[in-house]
Amino acid sequence: MLKVARYDAPAVDDSLLDDYGPTIANNSCSDAAIINWQELRRETGESDEICRITWYDDPFMALTYPIGCAVPVMVVTDAFR
C-alpha cells in the first residue's frame with residue numbers, strides 16, 4: 001500500500017506563509033493530527049517541518065497577532081499525572 005501525506009494550503013494570510021514557511025497546520029488540526037502528519041512525512045522521506053501559528057490576544061489594544069510558530073512534540077515520561 002502506498003502512503004502519501006496530503007497537504008492542503010492553510011487558511012492563513014500569505015504574509016504568514018512568508019514568515020513561517022509553507023507547511024503551517026491549520027488551527028483546526030489537533031496536536032495528535034500534526035504529530036501523525038509528521039510521522040507519515042518522515043516515513044515517506046518528506047520534510048517533517050510542520051508548525052502551528054501561535055497567536056497573542058492583546059487585551060489593551062483589542063488585537064490578535066501572530067507571535068511565532070509552535071511544533072507539537074510527543075513527550076513520554078514515567079511521571080504520574
Side-chain angles (χ1 to χ4, degrees):
M1 177 191 323
L2 177 64
K3 288 185 179 180
V4 178
R6 188 181 89 185
Y7 176 73
D8 294 330
V12 296
D13 187 274
D14 287 342
S15 66
L16 294 174
L17 294 175
D18 293 339
D19 291 342
Y20 301 115
T23 50
I24 298 173
N26 283 314
N27 287 334
S28 62
C29 290
S30 68
D31 287 350
I34 293 172
I35 290 170
N36 287 339
W37 186 22
Q38 289 170 323
E39 290 172 359
L40 180 59
R41 290 180 62 92
R42 278 186 219 115
E43 288 175 13
T44 59
E46 298 174 271
S47 171
D48 65 348
E49 294 182 12
I50 301 163
C51 66
R52 177 186 297 122
I53 296 175
T54 52
W55 301 92
Y56 175 71
D57 290 323
D58 187 338
F60 301 107
M61 299 294 291
L63 295 172
T64 300
Y65 52 89
I67 58 172
C69 208
V71 178
V73 293
M74 177 79 69
V75 177
V76 180
T77 69
D78 59 351
F80 292 104
R81 289 185 183 219

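Note that this is a predicted model, so its numbers are computed, not measured. Quick note: numbers below take in every heavy atom, side chains included, and nothing from hydrogens, waters or symmetry partners.
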Quick check: closest heavy atoms across D31 and R52, and the distance to 0.1 Å?
OD1-NH1, 2.7 Å
Run Y56 and T54 through side-chain contact (heavy atoms from CB on, under 4.5 Å) and show every step you take.
CA-CA 7 Å; Y56 175 71; T54 52; over 6 Å; no
How close do I34 and P72 get, heavy atom to heavy atom, and via which atoms?
CG2-CG, 3.6 Å
Between A25 and I50, which heavy-atom pair has the shortest distance, and what is it?
CB-CG2, 4.2 Å
M61, I67: one ILVMFWY side-chain cluster at the under-4.5 Å cut-off?
yes
How long is the span from the CG atom in N36 to the OG atom in S30, to the nearest 0.5 Å?
7.5 Å
